[in-house]
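Here you go, one structure.
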Amino acid sequence: MPTESTESTESTESTEPVQRPSPTANRARSANFRHGRFAPAPLILVTALAGFAVVVATTLIAVSASGVPLLSEATSVQFAAALGLIVLRGAVYLLAFCWGAVGVGLIARRMLMEGSRARALAIGSLICCAVSVASAASQVVIPLAAYGFAQPRFGDTAAYSAFYLTSLLAVEGAVVAAGLAALAVRAAGIRPGFMLILALVCLAYVIVDVTTRGGIPPFGVAFVWLALGIGLRSSRVPA
């Protein structure tokens, strides 16, 4: 009798299905561990507008100190008198672009973990961030190099041409970087509609700004950063 009872128990146990964790549940649990927010990139991009407010203020102060409505009209003496403020303005300008580049760069860095298309777009975005920051740095270096120029006005110097073109390149590089980052995010399947629209806005921005030779004020890039930051405010990406 004990033998029969044991065999019956063993038979019952062997016919019961083994409870294995659901593959879907495992994937969901894994995703919960792997995924996190874009933070702090959105906050950085949203607050970048404040940096450009300071840029505008220091630009107006520098122009006022030079005694002419435009820096390009300043004589060597006027330029020298306002040089400290011009360099200060350039430093604030550089910091504003660095701040935005950090925000966009953090987004691009996270996209390096996605598929090949998102990775390629992210690498392009990081390169454009570097170009933008390097160009913005010229706003500090060029005025120092132009000190004591011999031409009648600052606008007549080769330094001014470089000053103007690198300022334009800093803006275009930043806008292209934001557009590529938006496309990388879209390639990863995050907010695809919004990111496509933002990328198209960036394209239109560059076309208008280049064709008008800087017709859009430099602080316009801060609104592109603002849109990207708001768009990613609650999005989740691979950590």
Spacing of Phe219 atom CZ and Leu49 atom CG [to the nearest 0.5 Å]: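 Separation between the atoms: 8.5 Å.
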Side-chain (Gln139) to main-chain (Phe163) donor-acceptor, under 3.5 angstrom: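 Confirmed, Gln139 side chain pairs with Phe163 backbone.
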pair Leu112-Ile123: side-chain heavy atoms closer than 4.5 Å: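 A side-chain contact under 4.5 Å exists here.
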Sequence neighbours excluded - ring-ring contact (aromatic ring centres under 6.0 Å, His included) pairs with any residue from residues 100-151: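 Non-adjacent pairs meeting ring-ring contact (aromatic ring centres under 6.0 Å, His included): Phe79-Phe149, Phe149-Phe154.
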Results of side-chain hydrogen bond (donor to acceptor under 3.5 Å, both in side chains) for Ser167 - residues two or more places apart only: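 In terms of side-chain hydrogen bond (donor to acceptor under 3.5 Å, both in side chains), with neighbours along the sequence ignored, Ser167 is linked to Tyr93.
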Minimum heavy-atom distance between Leu183 and Ala199, given as atom pair plus value: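 Closest heavy-atom pair between Leu183 and Ala199: CD2-CB, 3.6 Å.
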Nearest heavy-atom neighbours spanning Cys129 and Ala101: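 What the structure gives for the nearest pair is SG-O, 3.9 Å.
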Transitive ILVMFWY side-chain link Val55 to Val133, under 4.5 Å: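 Each belongs to a different hydrophobic cluster.
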Test log, rule side chain to side chain contact (heavy atoms under 4.5 Å, CB included), inputs Leu71 and Tyr160: CA-CA 9 Å; Leu71 287 178; Tyr160 175 75; 5.7 Å; no
Hphob cluster co-occupancy, Val140 + Leu168, side-chain heavy atoms under 4.5 angstrom: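 No; tracing contacts between hydrophobic side chains, which count when under 4.5 Å, never links both residues.
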Gap between atom CG of Leu85 and atom OG1 of Thr59 - 0.5 Å precision: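 Going from the OG1 atom of Thr59 to the CG atom of Leu85 covers 10.5 Å.
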Stepwise side chain to side chain contact (heavy atoms under 4.5 Å, CB included) check, Glu114 with Val185: CA-CA 9 Å; Glu114 294 298 309; Val185 171; over 6 Å; no
Non-hydrogen side-chain atoms of Trp225 and Val104 separated by less than 4.5 Å: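 Trp225 reaches Val104 side chain to side chain.
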Criterion side chain to side chain contact (heavy atoms under 4.5 Å, CB included) on Glu172 and Val210, from CA distance to verdict: CA-CA 8 Å; Glu172 307 312 332; Val210 169; 4.1 Å; yes
Set of residues satisfying salt bridge (charged side-chain N to carboxylate O under 4.0 Å, His left out) with respect to Glu73, sequence neighbours excluded: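 Residues passing salt bridge (charged side-chain N to carboxylate O under 4.0 Å, His left out) with Glu73: Arg153.
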Same cluster (ILVMFWY, side-chain, under 4.5 Å), Val201 and Val175: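 Looking at the clustering, Val175 is in a separate group from Val201.
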Heavy-atom side-chain proximity of Leu45 to Ile107 below 4.5 angstrom: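 Contact flag for Leu45/Ile107 side chains = yes.
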Close side-chain approach of Phe52 and Val221, heavy atoms under 4.5 Å: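 Counting from C-beta outward, Phe52 and Val221 do come under 4.5 Å.
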Nearest-0.5 Å distance that lies between atom CD in Gln151 and atom OG1 in Thr157: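 Answer for the CD-OG1 pair, Gln151 versus Thr157, is 6.0 Å.
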Test item: Leu106 and Arg110 side chains (from C-beta on) under 4.5 Å apart, heavy atoms: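 No - every pair of side-chain heavy atoms lies 4.5 Å or more apart.
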Cys202 and Val206, any side-chain heavy atoms less than 4.5 Å apart: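 The answer is no; the side chains never approach within 4.5 Å.
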Shared hydrophobic cluster, Val46 / Val56 (ILVMFWY, side-chain heavy atoms < 4.5 Å):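 Result: yes, single cluster for both.
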Spacing of Leu203 atom CG and Leu198 atom CG [to the nearest 0.5 Å]: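 So the gap between those two atoms works out to 11.5 Å.
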Cluster link Phe194 to Val224, ILVMFWY, side chain under 4.5 Å: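 Yes: a chain of side-chain contacts under 4.5 Å links Phe194 to Val224.
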Val171 and Phe97, any side-chain heavy atoms less than 4.5 Å apart: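 A side-chain contact under 4.5 Å exists here.
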Closest approach of Ala181 to Ser125 (non-hydrogen atoms, all atoms of both residues):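 So the minimum-distance heavy-atom pair works out to CB-OG, 3.7 Å.
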Expected output: side-chain Arg89 to main-chain Ala62 donor-acceptor under 3.5 Å: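 Pair absent, no side-chain N/O of Arg89 close to backbone of Ala62.
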For the student: nearest non-hydrogen atoms of Ala159 and Ala146, plus distance: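 For Ala159 and Ala146, the tightest heavy-atom pair comes out as CB-CB, 3.7 Å.
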Between OG1 on residue Thr58 and CG on residue Leu88, distance to nearest 0.5 Å: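 That separation rounds to 6.0 Å.
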Spatial distance of atom CD1 (Ile61) from atom CD1 (Ile86) [nearest 0.5 Å]: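 Between atom CD1 of Ile61 and atom CD1 of Ile86 there are 13.0 Å.
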Atom CZ of Phe223: over 12 foreign heavy atoms under 6.0 Å: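 Result for CZ/Phe223: open.
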Validation row: Met111, Leu121 side chains within 4.5 angstrom (heavy atoms):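 Not in contact.
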Least distance between heavy atoms, Val68 atom then Leu70 atom: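 Minimum heavy-atom separation between Val68 and Leu70: CG2-O, 3.0 Å.
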Smallest separation among heavy atoms of Ser132 and Ala170, with atom names: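 Residues Ser132 and Ala170, closest heavy atoms: OG-O, 2.7 Å.
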